[in-house]
Amino acid sequence: VKLILLVASVSTMSILTMGCASTVTIDRAKAFTESTKDYSENMVKLDAIVVERIVNFTADSLTENAGPLRKKEDLEKAITSIKSINESSAKLVKFYRAIGLYFEELGKLANGSQEESVTKAADSLLGSITKVDGAPEITDEKKSAISGIISQIAIARHSAKLEGQLKKDALPIAGAIALNEKIFNKYATSLGERNDLDKVKLYANGIVGPWIDVSANPTLPGKWKSDFVKYVTPTPTEKLLESGKEANAALASGWEGILKGDYSLSELRLMLKDMTNALDSISKLKNAN
Amino acid sequence: MATYTQEKYSLLHNATYEVLKSLYAISIASLSAADRAKHQQQINVVYSAYLKLEAREYLTLSAEASKRLPAITTAAKRAQESLAGLKKDTEVLATVDTVLNMFISLLALI
């Protein structure tokens, strides 16, 4: 009798443990889907900022260097390049929207929805990825982690048939996460390099030039102090790139972390909040100008 | 013949950026009128090349571009290295002058 009771109690404990694990997984998955939705929205905002920065920087460069050697073809080349950047941007925004939709549907599934619209969203995401250049290769580790999380949600809430269907989505979702990181790095290069060029120019013409040219400028120009402060103070762009990189890394490891149960989603939320704040700072500065 | 890879294309982008940065680091007030015009022309060409490299994805390069880009990448890298040690603005302008036609042909190629 004792043995039967012991077996029964162990079985009950196992069921309870499994039940808890599933609940934790679903709660984490819900939180993760929310974070990913926020991340996609941030990437749409970031894309708009990058394109605007490129356009303005190009216009400034053309204006400042207009000189006597102005040629029509230089202008046309710049316009053609910008058009091409705008076309890439439109594709990327569709891609971010598709990621957002996928995670919204996955969130509904985790909340017990019986509809299979998540699979349609995954198909749509797959379609938008193929239109973005340079999708990186997906590691087996990433594939199995993503497959795992989707399966756990499906097993806990849905049938084995749906689980099989959702496993099919593992590859495009892994691709989307990896591609996001790659695109962010490209944005970081575009913004970071232009930021550096502005600082290099400011240092040469606004700070060091007047400082050492004592014979031509016995007193420093009135703008010197504000240029100095501007030069030594980190810009909102630098803050954005830092917080964005952290959020990216956190998002990429979030999948694996959910499965292992050792990942703090509050950190991811915090990093995304930093990124949103930096994006808002840049928008406010732009509006003030 | 060695294949022109995404990594080499990134090297070209980076070398072009470094050449542009050397030009931005020049104090315009210190230049003569003639050098100022030269500086303007160089920035126009190198920035256009930098912008075009940014806009053009590696995967969409033509076969002709892939064939000619290795030599251009080598020249751009060499210019980047030569500029790294220079201190005088006039030396920077003279060095960029030697590769300006290469950047002009890059613009026509991609």
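First the proteins, then the strands, lettered A, B, ... as listed; each starts at 1. Computed from heavy atoms alone, side chains included, the values below leave out hydrogens, waters and symmetry copies.
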Quiz item: Residues in salt bridge (Lys or Arg N to Asp or Glu O under 4.0 Å) with A/Lys201, at least two apart?
Solution: A/Glu64

Exercise. Under 4.5 Å heavy-atom distance to chain B, tell me which part of A/Ile54 shows up: side chain, backbone, both or neither.
Key: both

Quiz item: Given that the side chain runs from C-beta out, which part of B/Ile26 has a heavy atom under 4.5 Å from chain A: side chain, backbone, both or neither?
Solution: backbone

Quiz item: Tell me, side chain or backbone of B/His39 under 4.5 Å from chain A's heavy atoms, or both, or neither?
Solution: neither

Self-check item: side-chain contact (heavy atoms from CB on, under 4.5 Å) partner of B/Tyr9, chosen from B/Asn14, B/Thr73, B/Leu53
Solution: B/Leu53

Quiz item: Do any of residues 185-193 of chain A come closer than 4.5 Å to chain B, heavy atom to heavy atom, and if so which ones, in number order?
Solution: A/Lys186, A/Thr189, A/Ser190, A/Glu193

Exercise. Check whether NZ of the Lys or CZ of the Arg A/Lys199 lies under 6.0 Å from the centre of the six-membered ring of A/Tyr231 and within 45 degrees of that ring's axis.
Key: yes

Quiz item: Picking from A/Asn205, A/Asp198, A/Leu202, which has the most non-hydrogen pairs under 4.5 angstrom with chain B?
Solution: A/Asn205

Exercise. List the steps, then state whether ring pair (Phe, Tyr, Trp, His ring centres under 6.0 Å) holds for A/Tyr96 with A/Tyr39.
Key: CA-CA 9 Å; A/Tyr96 304 136; A/Tyr39 180 81; 8.0 Å; no

Quiz item: Does anything in residues 90-110 of chain B pair up under ring pair (Phe, Tyr, Trp, His ring centres under 6.0 Å), and if so which pairs, sequence neighbours excluded?
Solution: none

Quiz item: Under 4.0 Å between a Lys/Arg side-chain N and an Asp/Glu carboxylate O for A/Lys72 and A/Glu76?
Solution: yes

Quiz item: By side-chain contact (heavy atoms from CB on, under 4.5 Å), which residues pair with B/Glu81, not counting sequence neighbours?
Solution: B/Lys77

Self-check item: Distance-only donor-acceptor check, side chains B/Ser10 and B/Tyr58, under 3.5 Å
Solution: no

